[in-house]
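Note: hydrogens, waters and symmetry copies are ignored here, and every other heavy atom, side chains too, is used. In what follows, chains are A, B, ... by sequence order, proteins preceding strands, each numbered from 1. Values in this document were obtained by computation on a predicted structure and should not be read as measured data.
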Amino acid sequence: MRYNYKKIEQKWQQKWDEAKVFEADDHSDKPKFYGLVEFPYPSGAGMHVGHIKAYSSMEVIARKRRMQGYNVLFPIGFDSFGLPAENYAIKTNTHPHDITVKNVEKFKDQMKAVGFSFDWSREISTSLPDYYKWTQWIFLKLFEKGLVFRAKTLVNYCPHCKVVLSNEDSQGGKCDICKSDVVQLPKDVWYLKITEYADKLLDGLDEVDYPESIKQQEVSWIGKSTGAFVDFSIAGIDEKLTIYTTRCDTLYGVTFMVMAPEHPLLDQYKDRITNWDAVEQYRADCAKKTEFERTQLVKDKTGVKLEGFVAVNPVNSKEIPIFIADYVMMGYGTGAIMAVPAHDQRDYEFAKKFGVDIIQVIEGGDISEAAYTGDGRMINSDFLNAYDNKKDSIAAMLEHLEKEKLGHKGIQYKMKDWAFNRQRYWGEPIPLIHCPKCGTVGVPYEELPLRLPEVENFEPGTDGQSPLAKIDSFVNCTCPKCGGAAKRETDTMPQWAGSSWYFLRFVDPHNDKAFADPEKIKYWMPVDWYNGGMEHVTRHLLYSRFWHHFLYDIGEVNTPEPYAKRSYQGLILGSDGEKMSKSKGNVVDPLDIVEEYGADTLRTYVLFMGDYQAAAPWNDDAVKGCKRFLERVASLPEISTLSEEDPSLESKLHKTIKKVTEDIESMKFNTAIAALMTLINDFTKAGAISRDDLLIYIKLLSPFAPHLCEEIHELLGETGFLAISAWPDYDEAKTKDATIEIGVQVNGKVRATVSLPADCAKEEALPLAKSEPAVQKYLEGKTLVKEIYVPGKILNFVVK
RNA sequence: GCCCGUGUGGCGGAACUGGCAGACGCGCAGGACUUAAAAUCCUGUUGUGGUGACACAGUACCGGUUCGAUCCCGGUCACGGGCACCA
């Protein structure tokens with residue numbers, strides 16, 4: 001058969017479409033499988049080969065599961081709100097909606113050209129009102145349950161995008177969208193209380209099948225620490241300075257305290273602080289430093305000692321000085337610390353520089369050189385001196401603090417609440433109303449969706465206001481509670497809102513009564529397997545788990561965790577080994593590959609290129625190798641005869657069925673394809689294969705190269721679609737060889753191989769091995785010390 | 001600094017989690033076909049020595065456990081990712 005991939009691919013894509021082969025059934029007796037890939041943001045650049053790799057894994061798994069008799073839900077949609085479309089709209093003076101529609105079409109064409117078996121009847125787009133209606137609905141539920149609040153704090157702000165960012169959106173101090181430096185500004189913003197779900201998000205990880213690296217990353221992002229809050233009094237006044245510490249047992253080693261420069265208590269007592277000028281000067285200096293300088297570069301300790309403001313150590317009533325220093329952050333703990341220079345390196349450096357006492361309270365190390373942070377026996381610590389490990393001494397001190405009402409156990413998280421509003425146009429309008437009498441009121445549910453109004457100009461205002469603020473007809477409204485004049489919130493939701501629940505919409509995408517029918521949720525959820533990028537672990541993955549836990553708590557979904565299993569793909573690098581980027585000119589367009597080699601070649605190559613989870617560079621020559629392989633497959637019918645199965649190929653065939661079946665499940669696609677390549681080499685050597693063997697072969701290959709395999713399937717006179725025919729079974733007994741070659745070692749070095757029956761007994765194997773001339777040579781004149789025989793594996797003679 | 005992960009031919013990568021290191025593919029070399037080239041097919045391809053069957057070395061480096069280590073243990077180095085004055 002001539003391999004006319006263009007004709008074949010078009011033909012079968014059309015046939016699958018017409019016959020609705022990949023549409024999932026909401027009422028089926030088959031076992032269900034919900035396989036999910038991260039729906040794309042439809043950028044103007046179109047799909048990237050990285051998208052193809054990300055989707056191909058679940059595509060292969062979904063196709064295999066269908067053939068194995070599962071009712072498969074494999075949906076796709078578009079995460080279509082977002083800044084890039086809006087920025088492009090501003091630049092080209094078009095509407096973000098029009099751009100989005102165009103981009104979505106482009107993405108769809110590309111996906112269809114690759115032949116992904118998505119259920120297109122369930123396509124969604126987060127920027128459509130019948131979708132974002134429910135995003136707003138969930139937001140209102142969060143608001144109703146007190147998980148939305150407004151606060152004026154220091155927030156991450158991107159001066160380039162003119163937008164407030166969440167902590168997750170500004171990882172590493174860079175804007176997630178434009179990569180420019182993020183600055184800290186005091187701003188009044190809406191927060192979602194994700195911290196209230198910190199423990200649920202942590203505990204939930206025990207119930208799901210995620211790779212360890214992903215769990216670790218979420219755990220360290222949430223950053224839970226257990227410790228104690230301890231109250232220090234201020235000498236001469238009735239005021240407490242509360243600190244958070246993980247080592248309350250070192251209280252006897254506290255020789256000073258440090259407050260963050262922004263600490264509000266300072267302003268309250270500025271009349272008492274006799275060197276207030278120095279405080280203000282220091283604050284001004286700190287404000288000039290960028291976040292980068294403050295946290296990364298300048299580790300040199302700076303600070304100012306407060307005059308007239310002295311603390312008292314609660315355990316020994318000693319007076320200790322208080323400093324302000326920028327190594328203490330307002331955003332973590334209480335914004336103040338007790339400093340134990342003997343056992344904390346930062347406090348140690350500060351004490352050395354400012355000449356403060358250092359009192360050792362844990363035995364070990366050399367305090368004249370550096371802080372000792374290890375474990376050990378407590379010293380100089382009154383009633384704690386009996387303890388020789390931190391677990392016991394912390395427990396004893398905690399008990400003491402609670403009894404004396406000096407402090408209590410406490411928990412801190414590094415994760416912060418989710419800054420949720422964006423001062424931009426192309427997002428879901430936040431459905432809140434500001435009423436001068438009633439305060440903030442939610443838009444009534446029956447008024448949803450709160451539609452994004454048409455505007456002339458998408459530029460954000462220089463005053464940091466959303467473009468929506470300029471539209472009086474949108475802003476001015478009546479309060480749903482009191483009927484008085486009120487104003488709408490004009491900010492929109494962040495990029496991550498629509499994607500925080502999209503997998504739920506897929507189970508019932510056209511429902512206009514609810515975000516999804518509870519029965520369908522019960523049937524399809526949780527997602528059985530979710531593949532996506534490592535870059536989403538502390539963003540989308542965390543956010544969507546949070547929303548789903550919330551929906552579970554209010555009884556809207558049936559499980560707390562949305563995804564039973566998660567996997568990830570490695571990056572495709574450019575052929576130069578660098579990350580693909582437009583500026584480097586090393587980007588590969590999937591459609592170019594489809595055009596030149598065919599979709600089946602592209603699909604096979606992205607999975608054959610290496611370990612699925614590892615990054616690997618693109619290689620045009622290796623793509624050709626995959627094309628060559630498929631051309632050989634296309635010519636297989638020529639050597640297919642009507643004869644009975646070739647017995648010499650039988651065990652090879654069964655081994656391959658087993659390997660491909662198992663390797664797909666463990667995402668070892670490269671070795672699955674390699675096994676199929678090996679088998680075709682065997683076929684070619686044999687010169688003729690049976691029709692049945694060929695049928696099995698194309699079934700195994702079909703998840704990777706479905707178009708070609710459907711074509712051969714038809715050519716063989718089979719009716720119906722290969723895509724939903726039965727996956728081949730293998731006979732375990734036939735995967736085992738009757739005779740096997742095993743290595744014979746002398747002193748651990750292989751000297752010969754012998755052919756033995758698989759279950760050969762030691763008594764028979766040994767003489768056979770010894771009679772090998774190559775082995776004899778090394779045994780002669782030596783004393784045999786030991787004979788090791790591991791059936792099926794190895795034979796080893798130890799000689800002296 | 002802390003936490004994960006990785007390190008194997010010229011290249012991408014295999015190796016049942018302790019049992020013949022280098023499957024499969026790319027590249028390269030030689031050959032067949034061709035007037036020639038491309039395509040295709042066949043053969044070879046870890047390094048060193050030898051015409052040769054063969055010998056020795058070899059999975060980042062140093063050491064250990066074992067009859068036997070790419071795999072396990074201790075230490076070192078390099079690269080990638082995450083977190084980071086987090087109290």
Side-chain angles (χ1 to χ4, degrees), chain A residues 171-172 211-221 223 225 227 243-248 250 257-258 260 294-296 298-301 325-329 331-340 343-347 349-350 373 412-414 534-535 537-538 570-571 573 575 577 604-605 608-611 613-626 628-629 631-632 635 659 662 668 670-681 684 741-754 774 777 785-799:
Chain A
Q171 293 181 21
E212 207 42 47
S213 53
I214 289 181
K215 288 190 183 183
Q216 288 279 353
Q217 218 174 299
E218 294 222 337
V219 167
S220 74
W221 184 257
S225 96
I243 59 92
Y244 175 74
T245 178
T246 53
R247 289 303 301 268
C248 63
T250 59
M257 299 186 79
V258 184
R294 186 161 165 180
T295 59
Q296 318 267 326
V298 190
K299 303 253 174 176
D300 190 29
K301 298 288 175 291
D326 65 357
Y327 82 91
V328 173
M329 307 288 145
Y332 185 79
T334 63
I337 62 155
M338 64 179 215
V340 187
H343 305 292
D344 181 291
Q345 190 55 30
R346 294 154 305 179
D347 297 346
E349 284 161 21
F350 193 89
T373 53
Q412 280 294 303
Y413 302 94
K414 284 190 214 173
M534 213 52 193
E535 71 277 15
V537 169
T538 52
L571 280 181
L573 306 171
S575 45
T604 305
Y605 174 64
F608 182 64
M609 50 193 307
D611 178 350
Q613 266 131 24
W618 185 266
N619 181 339
D620 279 317
D621 286 324
V623 178
K624 285 180 200 153
C626 288
R628 269 203 282 267
F629 164 57
E631 270 166 354
R632 293 179 67 200
S635 68
K659 180 144 186 72
E662 289 175 356
K668 290 162 80 175
N670 54 338
T671 52
I673 295 167
L676 288 164
M677 288 174 169
T678 310
L679 188 58
I680 203 171
N681 290 343
T684 315
E741 298 257 307
I742 72 166
V744 183
Q745 302 179 329
V746 179
N747 285 348
K749 271 193 191 202
V750 179
R751 297 301 180 182
T753 55
V754 287
K777 198 169 115 192
V785 184
K786 209 170 178 182
E787 297 166 327
I788 292 143
Y789 175 53
V790 185
K793 307 248 174 170
I794 205 82
L795 236 157
N796 191 10
F797 297 110
V798 185
V799 296

Using salt bridge (charged side-chain N to carboxylate O under 4.0 Å, His left out) as the criterion, list what pairs up with [X], not counting sequence neighbours.
{"X": "Lys659(A)", "value": "Asp663(A)"}
{"X": "Glu662(A)", "value": "none"}
{"X": "Lys777(A)", "value": "none"}
{"X": "Arg247(A)", "value": "Asp249(A)"}

Going by heavy atoms in the side chains, are [X] and [Y] under 4.5 Å from each other?
{"X": "Thr250(A)", "Y": "Met338(A)", "value": "yes"}
{"X": "His343(A)", "Y": "Thr373(A)", "value": "no"}
{"X": "Asp347(A)", "Y": "Tyr327(A)", "value": "yes"}

Listed partners of Ala674(A) passing side-chain contact (heavy atoms from CB on, under 4.5 Å), at least two apart = Phe608(A)
Can you sort out the partners of Glu535(A) under side-chain contact (heavy atoms from CB on, under 4.5 Å), two or more places apart, ordered by chain and number?
-> none
Report the distance from atom [atom1] of [X] to atom [atom2] of [N], rounded to the nearest whole Å.
{"X": "Gln412(A)", "N": "C86(B)", "atom1": "CD", "atom2": "P", "result": "14 Å"}
{"X": "Lys624(A)", "N": "G12(B)", "atom1": "NZ", "atom2": "P", "result": "19 Å"}
{"X": "Leu573(A)", "N": "C11(B)", "atom1": "CG", "atom2": "C1'", "result": "14 Å"}
{"X": "Met329(A)", "N": "C83(B)", "atom1": "CE", "atom2": "C1'", "result": "14 Å"}
{"X": "His343(A)", "N": "C85(B)", "atom1": "NE2", "atom2": "C1'", "result": "19 Å"}

Classify the side chain of Lys301(A) versus the base of C85(B) as yes if they form a donor-acceptor pair under 3.5 Å and no if they do not.
-> yes
From [options], nucleotide with atom closest to [X] side chain:
{"X": "Asn619(A)", "options": "C26(B), C67(B), G82(B)", "answer": "C26(B)"}
{"X": "Trp221(A)", "options": "A87(B), C83(B), G13(B)", "answer": "C83(B)"}
{"X": "Lys786(A)", "options": "G82(B), C85(B), C67(B)", "answer": "C67(B)"}
{"X": "Asp326(A)", "options": "G82(B), C85(B), A87(B)", "answer": "C85(B)"}
{"X": "Val328(A)", "options": "A14(B), C67(B), A87(B)", "answer": "A87(B)"}

Using modelled atom types only, decide if a donor and an acceptor are shared between the side chain of Asp344(A) and the backbone of Ala339(A) within a distance under 3.5 Å.
-> no
Under 3.5 Å donor-acceptor, Tyr605(A) side chain and Asn619(A) backbone | yes
Syn or anti: how is G30(B) classified when any glycosidic angle within 90° of 0 counts as syn?
-> anti
Report the residues that fulfil side chain to side chain donor-acceptor pair (under 3.5 Å) with Ser220(A), sequence neighbours left out, ordered by chain and then residue number.
-> none
Could you tell me which residues satisfy side chain to side chain donor-acceptor pair (under 3.5 Å) with Glu631(A), sequence neighbours excluded, listed by chain and number?
-> Lys627(A)
Which atom pair, heavy atoms only, marks the closest approach of Ile794(A) to Ile742(A)?
-> C-CD1, 4.1 Å
Tell me, for nucleotides 41-60 of chain B in 5' to 3' order, what letter each nucleotide earns: B for a base near a protein heavy atom under 4.0 Å, S for only sugar-phosphate near one, - for neither?
-> S------------SSSS---
Given protein heavy atoms under 4.0 Å, the one-letter contact record of nucleotides 15-24 of chain B, with B base, S sugar-phosphate only and - none, is simply S---BBS-BB
Grab the stems for RNA chain B, please: at least three consecutive Watson-Crick or wobble pairs, both distances below 3.5 Å, written as range with range.
-> B:1-7 with B:77-83, B:10-12 with B:24-26, B:27-32 with B:40-45, B:46-49 with B:54-57, B:60-64 with B:72-76
How is Gly625(A) classified with respect to the nucleic acid when contacts are heavy atoms under 4.0 Å: base, sugar-phosphate, or nothing?
-> sugar-phosphate
On a whole-Å scale, what distance lies between the C1' atoms belonging to G9(B) and U48(B)?
-> 14 Å
Which pairs, protein N/O on one side and nucleotides 1-8 of chain B N/O on the other, fall under 3.5 Å?
| unit_1 | atom_1 | unit_2 | atom_2 | d |
| --- | --- | --- | --- | --- |
| C3(B) | O2' | Gln216(A) | OE1 | 3.4 |

